[in-house]
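The structure presented is a predicted model; accordingly, all values stated were derived computationally and were not measured.
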Amino acid sequence: DAIVFVVAKDQSGAALKFEAGEIDALDNVSPADYPAWQRGQDKGGYRLYDLGPSYNTNFLWFNLNPAPAGPDGRSSGPAVGKVKYAWFSKADFRRAVSKAIDRDALIAGPLHGFGFRNWSTMTRGNAKWYDSTIAGVDHDPEGAKRLLAGLGMKDRDGDGVLEDAQGNKVEFGIVTNADNEWRQQMVNLIRDDLSKVGIRASLVPLEFNTLLTRLRN
C-alpha cells in the first residue's frame with residue numbers, strides 16, 4: 001500500500017543498508033559494487049537491471065571565472081590566479097589536457113567497464129537530444145605534448161614537469177567530492193596521464209557541501 005524512500009548519507013551507506021536487508025531496492029549502484037552484486041543475485045534473492053547509460057556525466061572542467069568579487073565588491077583578478085588563468089583560457093591547453101586523458105582506462109578501471117565515452121552534456125541515454133555525430137579530442141599523448149610545446153611550455157630544469165615561458169611550473173589541483181571513491185580513482189588516473197605529458201596535477205577531495213559552495217561562489 002505504500003513505498004518508503006530512505007535517504008542515506010552516501011552511496012556506501014545505501015549499499016550497506018541494501019546488503020543488510022534494511023531496504024528492498026537501490027537506484028544508484030556504484031560501479032565498484034556491480035560485479036560482486038551481479039554474481040550474488042541468486043543467493044541474495046534480488047535482481048539487477050542494466051538500464052543503459054545514465055543521463056549524468058563525469059567531466060573535468062577548468063575554472064575560467066575571470067574576476068570574482070570579494071566582500072567589498074571589488075575583484076582581485078581571476079579566481080585561480082593570473083598564471084593559471086593564462087593557461088586555462090587557452091583552448092590549446094584545454095585540448096592538450098583532453099588528449100592526455102585515457103578515457104578507456106577510466107571506463108575499464110574505476111567504472112569496471114560500465115561506462116561510455118561522451119563528448120557533450122547529453123548522453124546516449126537521452127534518445128531525444130543525444131547527437132552521435134559530436135566528436136571530441138581523444139587520447140593522443142604525443143599530440144598533447146606538441147600543443148603544450150606550441151604554448152611555450154617546456155621542461156627547462158629536467159624534473160619531468162613543464163614550465164611556462166615565465167618559468168612557472170605547470171601544475172594545478174583537481175577538486176572532487178571526498179565521499180565518492182570511484183570519482184577519486186578517476187582523478188588519480190587523470191593525474192597519472194597528465195604527468196606523462198609534463199603536467200603535475202593533484203587530487204583535492206572536499207566534503208560535498210563544501211564543493212557545492214565553492215562551485216556557487
Do [X] and [Y] have side-chain heavy atoms sitting under 4.5 Å apart?
X	Y	answer
Arg191	Ile174	no
Ser98	Arg103	yes
Asp155	Glu163	yes
Arg146	Asp140	yes
Leu148	Val170	no
Asn63	Arg214	no
His112	Tyr34	no
Thr121	Thr57	no

Spell out, yes or no, whether [X] and [Y] are grouped together once hydrophobic residues are joined by side-chain heavy atoms under 4.5 Å, including indirect joins.
X	Y	answer
Val80	Leu64	yes
Leu211	Trp61	yes
Val197	Met153	yes
Leu194	Leu189	yes
Leu203	Leu60	yes

Between [X] (side chain) and [Y] (backbone), is there a donor-acceptor pair under 3.5 Å?
X	Y	result
Lys90	Ala86	yes
Glu207	Asn209	yes
Gln184	Thr176	no

Counting neighbours of [atom1] on [X] that are heavy atoms of other residues, nucleotides or ligands and sit closer than 6.0 Å, is the number greater than 12?
X	atom1	answer
Glu181	CD	no
Phe116	CZ	yes
Arg183	CZ	yes

- Ring-ring centroid check Trp37 Phe18, cutoff 6.0 Å: yes
- Item | Atom of Pro66, atom of Tyr85 and distance for their closest heavy-atom approach | CB-OH, 3.5 Å
